[in-house]
Amino acid sequence: MKPLLRVPASDVPALTRALETALEGGPAVWPVPAPASTPAPASARAPANGDVAQIAPIPRVKARFARHDGGAVGSGRGAGIAAHVDDRIALVVETSGSTDAPKRVALSADALVASADATHDALGGAGQWLLALPGHYIAGAQVLVRGLLAGTPTVTVPGDRFDATAFAATSAHLMPHVPHYTSLVPTQLARLLDAAERDPFIAAALSSFDAVLVGGQALAPAIAERAAAAGVRVVRTYGSSETAGGCIYDGTPIGDTRVRFDDQRIELTSSSLADGYLGDPERTAEAFRTDRDGTRWYVTGDLGELTADGRLRVRGRADDVIISGGVKVVLGEVERAVRRVPGFEHAVAVRAADAEWGERLVVVAARTDVADPSGSHPADADADSDTDSDSDSDADTDSDTDSDSDTDAVVASVSESPGRDERAAASGDLETLVAATDAAGLPPAARPVRLMVVDRMPLLASGKPDRRAIAALLSS
């Protein structure tokens, strides 16, 4: 057993040193977000005189599995949780998820290195990374690990909130003559694209990267199209904390990752799999299964299939399936369809009880998005995983069952009741959303019957939609 040290994720130099030691076999690291009242350390705040916080380069880690004893257990957030862990563990990441209670994913040095090596192989070689994500999420931690293994200094975007100008300014400090990489969530990419339309410097910075990994949640088709038009080399990633980050790039497994399906549920095996959940053997047994030949598989919460060209297509969450009039409808496929409509790039599909059909679909959208369909989003950007759906929905209709019931546009606001003009606009929007689901080849049962517009979309700390809060808002 060895100590598990809590390290503030906002102190990037300290977190990087801790990760380096953990990869060498030292104490395991648990990056934790700083309390809201605690200011970020000087290295993480906006730099003075144009300086950019950097991490000193180190050679590729050699003796990463040497036994390392000693070291005090950190204090602060999560006190009393797992003071010591197995010698294999190098990193513990807490995931928020979109519906489940938090889980603490325990990852070995082997898994972290396998994931980082697979990423560099998939991208064509090691390079220099720019950190724009919080280090207490796997996507951010893996940026630091990749930099350590590449032996190049990882540069960090300063500030407590993501800023497009700071991103561009930081990218100017990347080393010449080596590949440049970064990892973003869709919200960050949308903000950069918005800013790039106004500022040529930001446009040039964004398009200069050899690869921009995008994960955390599904990338709206409209944003993907804008990125391609701007010359941004986007790589859509799919994975999670349990796979040490993205293990499927643009629908294709990287490294030794393999995919299989159990009743359409996606299962993954790879050298980058986590050991399990810290202090939670029951959840570990449910999520990680071992075949008779000793192969470990991670059972994801997603439904998927292989396309004709062998790429993974994620349909949606397995627990986000409704039965409407006897027809199964995957909410993720509905969201993918309606997010093609301008102004609804961040819309969320939720279930609503229906006396006749059992369950029907309701689309929830933020008022700012509907009023200004620019593809941007008001929420602050974070990411707690590299989860993403790598391609658009092309699901075949699995039933001829139709719904002849009328749809009703309902606009809800946290602060005020909608006026007649707003209701009329919502009715037209709803018809457009219905047409979008039909165009995606979804069954008639997938047509939304209501539209609810809220002043602000409820979000988790990770920036993902808080589906429980959204459902509660709908029921109220």
Side-chain angles (χ1 to χ4, degrees), residues 186-187 190 193-194 217-226 316 320 322 324 329-354 357 359-379 389 392-393 395 402-459 465-467 469-476:
T187 299
L193 291 170
D194 289 343
Q217 52 190 307
L219 179 64
I223 298 177
E225 292 167 3
R226 292 176 60 199
D320 282 340
I322 70 170
S324 183
V329 177
V330 181
L331 299 186
E333 293 186 333
V334 176
E335 289 180 356
R336 197 150 39 240
V338 301
R339 286 174 178 177
R340 289 181 173 273
V341 178
F344 290 88
E345 287 84 357
H346 305 281
V348 175
V350 296
R351 69 187 73 208
D354 184 273
W357 297 93
E359 293 179 305
R360 299 304 300 268
L361 279 164
V362 177
V363 171
V364 181
R367 188 181 306 280
T368 51
D369 287 348
V370 176
D372 180 19
S374 62
S376 61
H377 193 272
S389 171
D392 299 334
S393 172
D402 201 349
S403 167
D404 295 323
S405 63
D406 294 331
T407 58
D408 60 307
V410 176
V411 182
S413 169
V414 175
S415 60
E416 60 182 349
S417 299
R420 180 179 301 175
D421 291 342
E422 193 171 6
R423 288 185 180 275
S427 179
D429 286 336
L430 182 61
E431 293 177 0
T432 302
L433 299 181
V434 168
T437 59
D438 290 346
L442 301 181
R447 294 170 180 167
V449 297
R450 296 170 60 194
L451 169 62
M452 183 172 76
V453 179
V454 296
D455 289 333
R456 185 175 180 85
M457 185 73 74
L459 299 173
D466 187 337
R467 297 183 183 275
I470 294 171
L473 185 63
L474 176 64
S475 63
S476 64

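Quick note: residue numbers are just sequence positions, from 1.
Listed here is the closest heavy atom pair of L430 and V449: CD2-O, 3.7 Å. In terms of heavy atoms, V364 sits closest to M457 at O-CE, 3.4 Å. Between A445 and S324 the shortest heavy-atom distance is CB-O, 3.7 Å. In terms of heavy-atom proximity, A446 sits nearest to L361 at O-CD1, 3.2 Å. Closest approach of V363 to P448, counting heavy atoms only: CG2-CB, 3.6 Å. Nearest heavy-atom pair across A469 and P458 is CB-CB, 3.8 Å.
Expressed to the nearest 0.5 Å, how far CZ of F344 lies from OG1 of T432 amounts to 7.5 Å. To the nearest 0.5 Å, the span separating CG on D438 from CG on L433 amounts to 11.0 Å.
Of the possible donor and acceptor atoms, none in the side chain of R456 sits under 3.5 Å from a partner among the backbone N and O of A366. When atom types are taken as modelled, the side chain of E345 and the backbone of G343 share a donor-acceptor pair closer than 3.5 angstrom.
Side-chain atoms of R447 and V329, non-hydrogen and from C-beta on, never get closer than 4.5 Å to each other. Residues R467 and D320 form a side-chain contact, since some pair of their non-hydrogen atoms from C-beta on lies under 4.5 Å apart. Counting heavy atoms from C-beta outward, I470 and L474 have side chains that stay 4.5 Å or more apart. Put simply, the side chain of M452 reaches to within 4.5 Å of the side chain of L473, judged on heavy atoms. Residues V348 and E335 form a side-chain contact, since some pair of their non-hydrogen atoms from C-beta on lies under 4.5 Å apart. Within the 4.5 Å cutoff, side-chain heavy atoms of L193 are placed close to those of I223.
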